[in-house]
Amino acid sequence: MDIKEYINELGVHAYAASRVMASVSTNKKNSALDAIAKEIVKNKDNLIKINNKDLQSARESGLESALLDRLELTEARITAMADGLIQVAGLEDLIGKTSEYIEQASGIKVGQMRVPLGVIGIIYESRPNVTADAAGLCLKSGNATILRGGSEAIHSNQAIANCIRAGLKSVGLPENAVQLIETTKREAVGELLRMSEYVDVIVPRGGKGLIERVSTEARMPVIKHLDGICHVYIDDDADTEKAISIAFNAKTQRYGTCNTMECLLIARSRAKTILEKLGPMYRDKKVEIRGCEESKKILGDIKIATSEDYATEYLAPIMSLKIVNGIDEAMQHIDKFGSKHTDTIVTENKSNADRFLREVDSSSVMLNASTRFADGYEYGLGAEIGISTDKFHARGPVGLEGLTSQKYIVLGDGNIRS
């Protein structure tokens, strides 16, 4: 079977499964999620063993450290996968929920019902945990999904997909509700992006090159973000202890994620006090700082940042730094160089906080919190299918609601239009 026939067959099976999943009861969906979680925990040692095979191959091929970090399955990450599925099972089932019906002058009653999107194609790189996270959210929202992971994680993804199929089978749901593309050939992605007769939406999770390709070639809607150029702005009225803690955590808690801080902005009145304490903390973590001339005078031996640096998502222990006049210059910088992902203000000034939260045009805007919280699990969504910086049809971490649509329901009693 050639690639086109293979992907088309997946589409046929996914469409059929989506028709079944749209009408599955909440209890049955939750039972499936619970069964999958148990399969993942039961196979923990095997998953780590298989993941080590992928890690070894990735190291030999020279995969960069940030992507190696994303690829690794630790015991804690496997437990988190299972916990995420259980959390999704505990969320309210939106499918079939209707709004209040409003009677019109004609006598008809009009409401809206929450419905699945149908078949969701998900293309992702490195992170094998996405296989479980995506499957869980798609199943709970009554969708079927076709997953295409990166070649570097093929064995890990296959092992997790086996757990998912076993969980679905154990409760009598169609195994084809979650299908993994087994080939690593690049043509498979192109065929998936052209299969609009079966796939209702595509979600790419990965590097800029992947997302640009998907955005260009897809014949169906795409839920995406291109870059995670996230900012922390330390305001004139910031609490020093909070500012240092948040700026340090936002950069160093994990380097290879889209919600990691890439640029620190500090109001001039606070720069010297805070950087004299924060600078050595970054140095101890071997974080390379690329800053403005003014910050170089405070910190000493750092590189001077260019416009390209301010527009870069490093996904590494590198960050940019700029001292600004205040909130207006900070917001101007974010508007120019940001990616509309996540930006934080650290301040005790309510007026400045309100302005920042209202005026910064990003999918997540925060007050006195690390950018690392921009995550579906942390937002109480159970997991996320991805993060969208578009304004339609979903924005920010995409959970259950973002994987549904609405249709109008009209109730009549023989009503005809005059």
Side-chain angles (χ1 to χ4, degrees), residues 228-255 257 259-314 316-338 341-360 362 364-374:
I229 304 174
C230 303
H231 298 79
V232 172
Y233 165 57
I234 299 175
D235 188 42
D236 291 287
D237 296 316
D239 176 279
T240 300
E241 187 175 329
K242 290 180 188 176
I244 292 172
S245 176
I246 289 168
F248 186 70
N249 177 268
K251 183 61 202 178
T252 66
Q253 197 265 341
R254 199 168 167 195
Y255 297 117
T257 57
N259 56 16
T260 296
M261 180 194 77
E262 302 292 16
C263 181
L264 176 62
L265 305 171
I266 307 181
R268 182 165 288 107
S269 67
R270 307 306 307 281
K272 189 173 189 300
T273 300
I274 287 172
L275 287 177
E276 284 179 346
K277 296 179 180 178
L278 191 54
M281 294 169 65
Y282 285 137
R283 286 194 192 100
D284 287 345
K285 296 287 283 188
K286 295 182 171 49
V287 174
E288 178 188 327
I289 299 174
R290 301 176 184 179
C292 59
E293 293 280 1
E294 199 171 346
S295 61
K296 183 176 174 66
K297 291 177 183 177
I298 298 170
L299 293 175
D301 188 23
I302 66 169
K303 293 184 177 180
I304 296 299
T306 65
S307 291
E308 184 179 353
D309 288 320
Y310 288 126
T312 295
E313 181 184 24
Y314 296 107
I318 306 170
M319 58 174 280
S320 56
L321 167 66
K322 186 176 184 181
I323 295 172
V324 295
N325 286 325
I327 188 171
D328 287 301
E329 187 178 352
M331 291 194 295
Q332 288 166 9
H333 182 98
I334 291 168
D335 186 57
K336 181 176 181 179
F337 294 105
H341 192 295
T342 303
D343 301 292
T344 289
I345 183 172
V346 185
T347 189
E348 302 301 310
N349 184 309
K350 186 179 185 305
S351 176
N352 282 357
D354 289 345
R355 280 196 62 202
F356 192 91
L357 295 175
R358 184 177 62 251
E359 296 177 31
V360 171
S362 295
S364 288
V365 187
M366 302 182 174
L367 167 64
N368 293 334
S370 169
T371 58
R372 286 285 290 122
F373 283 110

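Here CG of L299 is found 5.5 Å from CD1 of I289. Values are rounded to the nearest 0.5 Å. Remark: I266 CD1 to S295 OG distance equals 8.0 Å, nearest 0.5 Å. Atom CE of M261 sits about 4.0 Å away from atom CE of M319, to the nearest 0.5 Å. The CG atom of N259 sits 6.0 Å away from atom OG1 of T342, with the distance rounded to the nearest 0.5 Å. Of the inter-residue distances, the one linking I323 atom CD1 with I298 atom CD1 reads 4.0 Å to the nearest 0.5 angstrom. Atoms CG and CE, on N249 and M281 in that order, are 10.0 Å from each other to the nearest 0.5 Å.
Taking the side chain to side chain donor-acceptor pair (under 3.5 Å) definition, one finds that N352 meets it with D235, sequence neighbours left out. In this structure, the side chain to side chain donor-acceptor pair (under 3.5 Å) partners of S269, at least two apart in sequence or on a different chain, are D236. Listed by chain and number, the residues in a side chain to side chain donor-acceptor pair (under 3.5 Å) with T260 are T257 (sequence neighbours excluded). Applying the ring-ring contact (aromatic ring centres under 6.0 Å, His included) rule to Y310 yields the partners H333, F337; only residues at least two apart in sequence or on another chain are considered. Legend: residues meeting ring-ring contact (aromatic ring centres under 6.0 Å, His included) with Y255, ordered by chain and number and at least two apart, are absent. H231 meets the side chain to side chain donor-acceptor pair (under 3.5 Å) test with D343; sequence neighbours excluded. In this structure L367 satisfies the side chain to side chain contact (heavy atoms under 4.5 Å, CB included) test together with I345, T347, A353, L357, sequence neighbours excluded. With sequence neighbours left out, A330 forms a side chain to side chain contact (heavy atoms under 4.5 Å, CB included) with Y233, L265, V324.
Legend: salt bridge (Lys or Arg N to Asp or Glu O under 4.0 Å) pairs involving residues 280-290, not counting sequence neighbours, sorted by first then second residue: E288-R290, E288-K303, R290-D309. Legend: salt bridge (Lys or Arg N to Asp or Glu O under 4.0 Å) pairs involving residues 292-302, not counting sequence neighbours, sorted by first then second residue: R268-E294. Pairs engaging residues 239-250 under the salt bridge (Lys or Arg N to Asp or Glu O under 4.0 Å) rule: K242-E348 [sequence neighbours left out]. The salt bridge (Lys or Arg N to Asp or Glu O under 4.0 Å) pairs that include a residue from residues 316-332 are K322-E329, D328-R355, where partners are two or more places apart or lie in different chains.
When every heavy atom of Y282 is checked against every heavy atom of L264, the shortest pair comes out as OH-CD2, 4.2 Å. Residues I229 and E262 come closest through the heavy atom pair CA-CG, 4.3 Å. Among all heavy-atom pairs drawn from S362 and V365, the shortest one is O-CG2, 3.8 Å. Nearest heavy-atom pair, A369 versus M366, reported as atom, atom and distance to 0.1 Å: O-SD, 4.1 Å. N368 approaches V346 most closely through the heavy-atom pair OD1-CA, 3.2 Å. When all heavy atoms of S370 and A250 are compared, the pair lying nearest together is OG-CA, 3.4 Å.
Looking only at distances, no side-chain donor or acceptor of R270 sits under 3.5 Å from a matching main-chain atom of I234.
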request  = Could you please spell out the steps behind the side chain to side chain contact (heavy atoms under 4.5 Å, CB included) verdict for Y314 and S320?
outcome  = CA-CA 9 Å; Y314 296 107; S320 56; 4.1 Å; yes
